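In what follows, every chain begins at residue 1, and chains take the letters A, B, ... in the order their sequences are listed. The figures here come from the full heavy-atom set of this structure, side chains too, leaving out hydrogens, waters and symmetry mates. Keep in mind it's a predicted model, so treat the numbers as computed, not measured.
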Amino acid sequence: MQSNLHIFNSLTRKKEPFKPLQPPFTGIYVCGPTVYSDTHLGHARPAITFDILFRYLNHLGYKVRFVRNITDVGHLENDADEGDDKILKKARLEHLEPMEVVQKYLDVYHRNMDQLNTLHPSIEPRASGHIIEQQELISELLERGFAYEVNGSVYFDVLKYNEKYDYGKLSGRVLEELQTNTRELEGQGEKRNAFDFALWKKASPEHIMKWPSPWSVGFPGWHLECSAMSFKYLGEVFDIHGGGMDLQFPHHECEIAQSTAARDKAPVRYWMHNNMITIGGQKMARSLGNFITLDQLFAGKHPLLQQAYSPMTVRFFILQAHYRSVVDFSNEALQAGEKGFQKLMKAFSTLEKLKPSDKSTVDVEAIRKRCYEALDDDLNSPVLLSHLFDAVRMINSVSDGTEKLDEKDLASLKELFSIFIIDILGLKDESGTSQDEQLTAGLVNLIIQLRKDARAKKDFATSDKIRNELSKIGIILKDRKDGVDWEKASST
RNA sequence: GGUCGGUUGACCGAGUGGCUAGGUAGCGGUCUGCAAAACCGUGUACGGCGGUUCGACUCCGCCACCGACCUCCA
């Protein structure tokens with residue numbers, strides 16, 4: 001497997017050549033959502049970032065196993081004893097069975113991900129389906145002395161771990177500083193140290209989601225699921241782990257600690273973290289309440305939205321920034337992205353109509369080379385797009401007759417657009433969807449206006465012709481006393 | 001308070017020790033009956049102050065401002 005892909009490894013804070021453990025196979029684990037409310041714009045960032053990675057590795061010929069989990073149990077609102085499970089809390093609020101909450105929002109997530117044209121992961125494991133594996137991992141940690149049980153709950157012993165390994169390596173934290181800086185939360189009495197974290201929590205009687213275990217009837221801690229499921233599906237050591245930067249600490253740090261303590265091996269070779277989407281300069285997050293859901297975005301229904309933005313506009317907007325940069329939401333930026341995306345796709349259709357010349361006056365191969373270089377440089381999608389826009393100008397110039405492409409270069413350019421725009425960036429033409437309907441509505445309203453003008457001049461011949469011809473193509477006009485309605489004839 | 005990151009033209013957003021990023025918007029032009037599209041051209045851009053250097057937006061130091069993480073968050 002020959003590739004020159006370099007990725008920025010959060011662990012070393014450097015760009016490193018990507019060398020999988022067992023080429024051509026490679027494994028990716030990405031932290032998916034906790035499904036307790038609607039998917040928002042922030043969730044689109046990791047989904048798209050790691051979709052590009054998945055697509056590019058596939059394109060390069062790797063056999064990729066892409067695992068993205070669903071957290072459907074155990075994600076507490078905080079680490080105190082009375083911390084509520086996010087899903088349980090929502091279930092009470094909406095008077096639903098917890099698994100109804102999970103199903104409801106998982107469906108929304110899947111639908112939104114499909115709209116954004118992200119590929120389905122190879123495996124999408126759910127935490128609640130891996131209770132046994134998590135319990136086994138807890139047993140391993142207890143046996144090895146890195147965990148302790150108190151009153152039916154099991155906690156990870158961070159101090160013990162830090163004696164042998166390095167807790168805080170990923171996030172650049174020093175345990176001594178954590179000790180002095182960790183905020184004291186209520187009800188931490190059970191834990192030996194404030195920074196110890198739960199592996200298993202004993203359930204209170206009113207808790208609904210709970211399972212029997214050697215320690216108590218209870219439920220697993222949040223950090224544990226990723227260790228258990230990545231072990232199961234990707235092995236003790238795998239290539240890439242992805243997720244949002246906000247998960248770096250404590251989630252990923254704890255994951256490293258659990259996995260390393262259990263098997264005496266660092267579990268992940270390359271850690272990749274996408275940056276946040278901000279709104280008004282602040283992180284968009286459910287907990288901050290400043291989020292815009294993807295459904296709102298696609299429908300234009302939110303006080304901050306001046307219009308609807310299509311899924312591909314959102315995807316393009318996100319790809320216009322590098323995944324490790326903060327990107328700020330604004331209508332202006334989305335609108336600029338929408339125009340740019342349309343320009344790109346329009347050139348794509350122009351490309352299909354180009355006629356070859358006997359010689360070329362442009363260099364297609366140079367662009368192809370630069371496109372690969374951009375992706376190889378830590379998935380630099382904005383630079384890739386800038387090269388594709390160079391190709392757009394090339395296409396339009398050929399279309400205008402000021403540049404020429406021979407048959408071979410024309411075929412090469414078509415292939416290049418197909419590879420980078422469709423296969424790797426995952427962009428697709430959206431005409432034929434709601435945009436088409438808007439167009440139809442605009443056209444019909446225009447024709448109705450012209451007909452109204454004709455009727456005002458008592459030109460009923462024209463007026464009737466318009467109505468009849470529209471009827472033939474399936475548009476039914478209805479003259480009402482306060483105006484004209486129209487509808488599409490129902491096809492039988 | 002600790003750790004880390006950012007501050008680029010009207011807006012978004014890349015990047016580099018000396019060479020046009022790109023998109024959007026603006027302006028001028030070509031084309032067009034007019035427009036649109038397309039193409040060509042165009043704008044004192046790199047937070048402030050010092051330093052290193054033949055040369056810094058790019059490296060170093062200090063300052064200011066913004067943000068992320070340190071509690072759940074993609």
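- Counting any heavy atom pair closer than 4.0 Å across all strands shown, A:A321 reaches sugar-phosphate atoms only and no base atom.
- Separation of the C1' atoms belonging to B:rG15 and B:rG1 is 35 Å when rounded to the nearest angstrom.
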Write out a two-atom table: protein N or O, nucleotide N or O from nucleotides 4-11 of chain B, distance below 3.5 Å.
none

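- B:rC46 and B:rU7 have their C1' atoms separated by 10 Å, given to the nearest Å.
- Across all strands, A:M245 comes closer than 4.0 Å to no nucleic acid atom at all (heavy-atom distances).
- Figure legend: cation-pi geometry between A:R173 and A:F249, with NZ or CZ positioned under 6.0 Å from the six-membered ring centre and within 45° of its axis.
- Rounded to a whole angstrom, the distance from the C1' atom of B:rC11 to that of B:rU53 is 35 Å.
- Rounded to whole Å, the P atom of B:rG48 lies 11 Å from the corresponding atom of B:rU8.
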Base-pair map of RNA chain B as dot-bracket, where | denotes pairing with a different strand and pairs are Watson-Crick or G-U under 3.5 Å: (((((((..(((.....[...))).(((((.......)))))....(((((..]....))))))))))))....
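- Taking the P atom of each, B:rC19 and B:rC4 are spaced 32 Å apart, rounded to whole Å.
- Atom CG of A:D196 is separated from atom P of B:rU71 by 13 Å (rounded to the nearest Å).
- Qualifying side chain to side chain donor-acceptor pair (under 3.5 Å) partners for A:E352, counting only residues two or more places apart in sequence or in other chains: none.
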Per-nucleotide protein contact string for nucleotides 25-36 of chain B (B base, S sugar-phosphate only, - none; heavy atom under 4.0 Å): S-----------
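- The listed nucleotides are B:rA68, B:rG22, B:rG2; the one nearest the side chain of A:Q282 is B:rA68.
- In this structure A:Q320 satisfies the side chain to side chain donor-acceptor pair (under 3.5 Å) test with no other residue, sequence neighbours excluded.
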CA sep, side-chain torsions, deciding dist, call: A:L119, A:R55, side chain to side chain contact (heavy atoms under 4.5 Å, CB included): CA-CA 8 Å; A:L119 299 177; A:R55 286 166 175 273; 3.5 Å; yes
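- Not counting sequence neighbours, A:R65 has no partner by the salt bridge (Lys or Arg N to Asp or Glu O under 4.0 Å) test.
- Partners of A:H120 according to the ring-ring contact (aromatic ring centres under 6.0 Å, His included) rule, which considers only residues two or more places apart in sequence or in another chain, do not exist here.
- Using a 4.0 Å cut-off on heavy atoms, the residues of residues 40-52 of chain A that approach RNA chain B are A:H40, A:G42, A:H43, A:R45, A:P46, listed by number.
- Residues forming a salt bridge (Lys or Arg N to Asp or Glu O under 4.0 Å) with A:R324 (at least two apart in sequence, or on another chain): A:D378.
- Mapped onto RNA chain B by nearest heavy atom, A:H251 and A:Q335 fall at different nucleotides, with A:Q335 at the one closer to the 5' end.
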Can you pull every protein N or O that's under 3.5 Å from an N or O on nucleotides 15-18 of chain B?
{"from": "B:rG15", "atom 1": "OP1", "to": "A:N380", "atom 2": "ND2", "distance (Å)": "3.2"}

Restricting to nitrogen or oxygen on both sides, can you table the protein-nucleotides 39-41 of chain B pairs closer than 3.5 Å?
{"from": "B:rC39", "atom 1": "OP1", "to": "A:N396", "atom 2": "ND2", "distance (Å)": "3.1"}
{"from": "B:rC39", "atom 1": "O4'", "to": "A:D400", "atom 2": "OD2", "distance (Å)": "3.3"}

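- Among the atoms of the strands shown, base atoms are found under 4.0 Å from some heavy atom of A:I277.
- The one candidate from A:H273, A:R269, A:E16 that meets the side chain to side chain donor-acceptor pair (under 3.5 Å) condition with A:N9 is A:E16.
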Under 3.5 Å, which donor-acceptor pairs link side chains of residues 388-397 of chain A to any protein atom two or more places apart or in another chain?
{"from": "A:N396", "atom 1": "ND2", "to": "A:V392", "atom 2": "O", "distance (Å)": "3.4"}
{"from": "A:S397", "atom 1": "OG", "to": "A:R393", "atom 2": "O", "distance (Å)": "2.9"}

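- Counting non-hydrogen atoms under 4.0 angstrom, A:V327 reaches the backbone sugars and phosphates but no base.
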